[in-house]
Amino acid sequence: MDSEFWMLVLCALLLLAFGLLSFLRLDSDLTLLWAAWMGQRPEQALIGMVVWVTGASSGIGEELAFQLSKLGVSLVLSARRTQELERVKRRCLENGNMKEKDILVLPLDLADTSSHDTATKAVLREFGRIDILVNNAGESNYCFAVDANLDVFKVLMEVNYLGTVSLTKCVLPHMMERKQGKIVIMNSLAGIQPSPLCCGYIASKHALRGFANALRTELLDHPGITLSTICPGPVHSNIYKNYLTREAIKAKWPYPQEFPKMATSRCVQLILVSMANDLEEVWIANQPALFRTYVWQYVPIRDWIISRTQWKKRIEIFRINMDNSVGDHDKRPSK
């Protein structure tokens, strides 16, 4: 009897160890993993849809436009840089399953909320409907909160939060009238767990998560309209190259290199799975970022110890890089 008991214990421990090792190889949360395995395929669920992507001139937005172009959709590409949007359009036409009439280049500044209604009407004139709105555009910052000009926080909230809210509000009445549509909000793992040196960015992402969760409750009477929050971790994109410093302008201060970054193509593959299966919130990241998010969400006391060590390391790397850059830039952020 004793031998059978200990055999069961050993089997349980082996299964636990196998499960942990398997989890440490994941690059998405368990719900998204299941959808990727057993859910609807993007090439079947998204075909023929009109998809509006903001922040489409680079990074995740560009890759999203590129992969969508292979699925037989109609695309609206928006960002501030018209030339870059035209470049993305050419890439989609050359490598995708699209014709010239299937892509609309629509320059848009998220911070200019007065232009959002006009932009929405332009999309509706061109394609007659909006099936999916992907709120992908955004700004980041990388400096100590005490060193940051208040304008940095204002810009981050205007673009990341208020810009997304404004555009969503412009598109939502159309979706309600049609009783169908998908709203996708590109958030970040930073909207779940804190991190130093980007307080303004994290605050805007927490605000977005709260907005999405609250809006989802208001859409319960509209079952045909879904809202998905995408939370990527570190991804190869231009967000770290175009961050804000103490002045609300672009600058070339050292940006974080200590995190293993996911390939943009892989991140977008998982985003498309989430869109196809109408998942409410998904986490996408390589390890150890994904593991730390799970620990932060479900075991906050233990992660407090882990994160304090990680946060101190990140701050120290930033200070070293900033000191090394003084000779190159002959300046540093000041209070």
Side-chain angles (χ1 to χ4, degrees), residues 32 35-36 38-57 59-79 85 88-106 108 116 119-137 164 167-187 212 215-216 219 222-230 232 264-265 267-282 284:
L32 180 54
M38 297 293 292
Q40 294 190 74
R41 315 316 301 172
E43 57 270 22
Q44 297 171 344
L46 303 180
I47 187 170
M49 291 192 173
V50 176
V51 186
W52 187 0
V53 182
T54 67
S57 60
I60 291 176
E62 176 181 352
E63 183 63 26
L64 187 59
F66 176 63
Q67 292 195 28
L68 282 168
S69 70
K70 299 180 178 181
L71 303 183
V73 304
S74 297
L75 275 175
V76 182
L77 307 178
S78 288
L85 290 176
V88 175
K89 176 181 177 179
R90 289 194 298 272
R91 182 187 177 200
C92 291
L93 290 173
E94 291 169 1
N95 300 283
N97 181 27
M98 309 188 77
K99 298 179 180 179
E100 183 86 20
K101 64 180 179 61
D102 297 324
I103 304 182
L104 172 64
V105 169
L106 184 65
L108 181 71
H116 294 179
T120 302
K121 291 176 180 177
V123 177
L124 294 176
R125 281 196 304 271
E126 183 72 19
F127 294 114
R129 69 184 195 277
I130 301 171
D131 295 304
I132 305 176
L133 170 64
V134 182
N135 291 293
N136 172 71
T164 296
L167 193 59
T168 299
K169 280 172 56 62
C170 288
V171 173
L172 197 53
H174 163 71
M175 291 184 173
M176 287 179 168
E177 183 179 347
R178 295 183 63 229
K179 298 182 180 180
Q180 61 180 338
K182 300 174 186 281
I183 298 172
V184 179
I185 294 179
M186 202 66 60
N187 204 297
L215 179 58
R216 196 175 288 115
L219 294 174
H222 303 273
I225 301 175
T226 61
L227 196 157
S228 300
T229 300
I230 312 296
T264 311
S265 58
C267 179
V268 169
Q269 288 173 5
L270 293 170
I271 291 172
L272 291 177
V273 171
S274 175
M275 291 167 56
N277 290 275
D278 298 327
L279 303 183
E280 290 189 357
E281 180 175 284
V282 299
I284 301 172

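Hydrogens, waters and symmetry mates are skipped; everything else that's a heavy atom, side chains included, is used.
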In this structure, CG of Leu133 is separated from OG1 of Thr120 (nearest 0.5 Å) by 8.0 Å
For the atom pair CD1 (Ile185) and CG (Leu227), what is the distance rounded to the nearest 0.5 Å?
4.5 Å
Got Glu62 and Arg91 here, is their nearest side-chain heavy-atom distance under 4.5 Å?
yes
Write down the atom of Ile103, the atom of Cys92, and the distance for their closest heavy-atom approach.
CD1-CB, 3.8 Å
What heavy-atom pair brings Val282 and Ser274 nearest, and what distance separates the two atoms?
CG1-OG, 3.6 Å
Start with the C-alpha gap between Ser69 and Leu75, add the side-chain angles, then the distance that decides, and say whether side-chain contact (heavy atoms from CB on, under 4.5 Å) holds.
CA-CA 7 Å; Ser69 70; Leu75 275 175; 4.3 Å; yes
Could you give the distance from CZ (Arg41) to CG (Leu272), rounded to the nearest 0.5 Å?
11.0 Å
Any side-chain heavy atom of Ile225 sitting closer than 4.5 Å to one from Leu172?
yes
Can you tell me how far the CG atom of Leu64 sits from the CD1 atom of Ile271, to the nearest 0.5 Å?
6.0 Å
Within the structure provided, determine whether Leu68 and Leu46 are in side-chain contact (heavy-atom separation under 4.5 Å).
yes
Ile47 and Leu71, any side-chain heavy atoms less than 4.5 Å apart
no
Assess whether a salt bridge exists between Glu100 and Lys89, defined as any Lys/Arg side-chain N lying under 4.0 Å from an Asp/Glu carboxylate O.
yes
Quick check for you: to the nearest 0.5 Å, what is the distance between Met176 atom CE and Leu219 atom CG?
5.5 Å
Check: Ser228 side chain, Leu279 main-chain N or O, donor-acceptor pair, under 3.5 Å
yes
Which atom names give the shortest non-hydrogen contact between Asn136 and Gly55, and what distance separates them?
ND2-O, 3.1 Å
Just to verify, which of Val268, Ile230, Val273 counts as forming a side chain to side chain contact (heavy atoms under 4.5 Å, CB included) with Ile284?
Ile230
Could you tell me whether the side chain of Asn277 and the main chain of Gln40 form a donor-acceptor pair under 3.5 Å?
yes
Can you give me the closest heavy-atom contact between Leu108 and Ser78, atom names plus distance?
CB-CB, 3.9 Å
Taking Asp131 for the side chain and Val50 for the main chain, is one N or O donor matched with an acceptor at less than 3.5 Å?
yes
Less than 4.0 Å between a side-chain N and a carboxylate O, is that true for Glu177 and Arg129?
no
Show me the pairs that pass salt bridge (charged side-chain N to carboxylate O under 4.0 Å, His left out) and involve residues 267-278, at least two apart or across chains.
Lys182-Asp278
Heavy atoms of Val134 and Ile132 approach each other most closely as CG2-CG2, 3.9 Å
Scanning both residues in full, the closest heavy-atom pair of Lys101 with Phe127 reads O-CE2, 3.6 Å
Measure the CZ-CD distance between Arg216 and Glu281 for me, rounded to the nearest 0.5 Å.
7.0 Å
Given side chains that start at C-beta, do those of Trp52 and Leu106 come closer than 4.5 Å, heavy atoms only?
yes
Examine distances only and state if a side-chain atom of His174 and a backbone atom of Ile130 form a donor-acceptor pair shorter than 3.5 Å.
yes
Taking the side chain as everything from C-beta on, heavy atoms only, tell me whether Ile60 gets closer than 4.5 Å to Cys267.
yes
Note, Cys170 side chain near Lys121 side chain (heavy atom, < 4.5 Å):
no
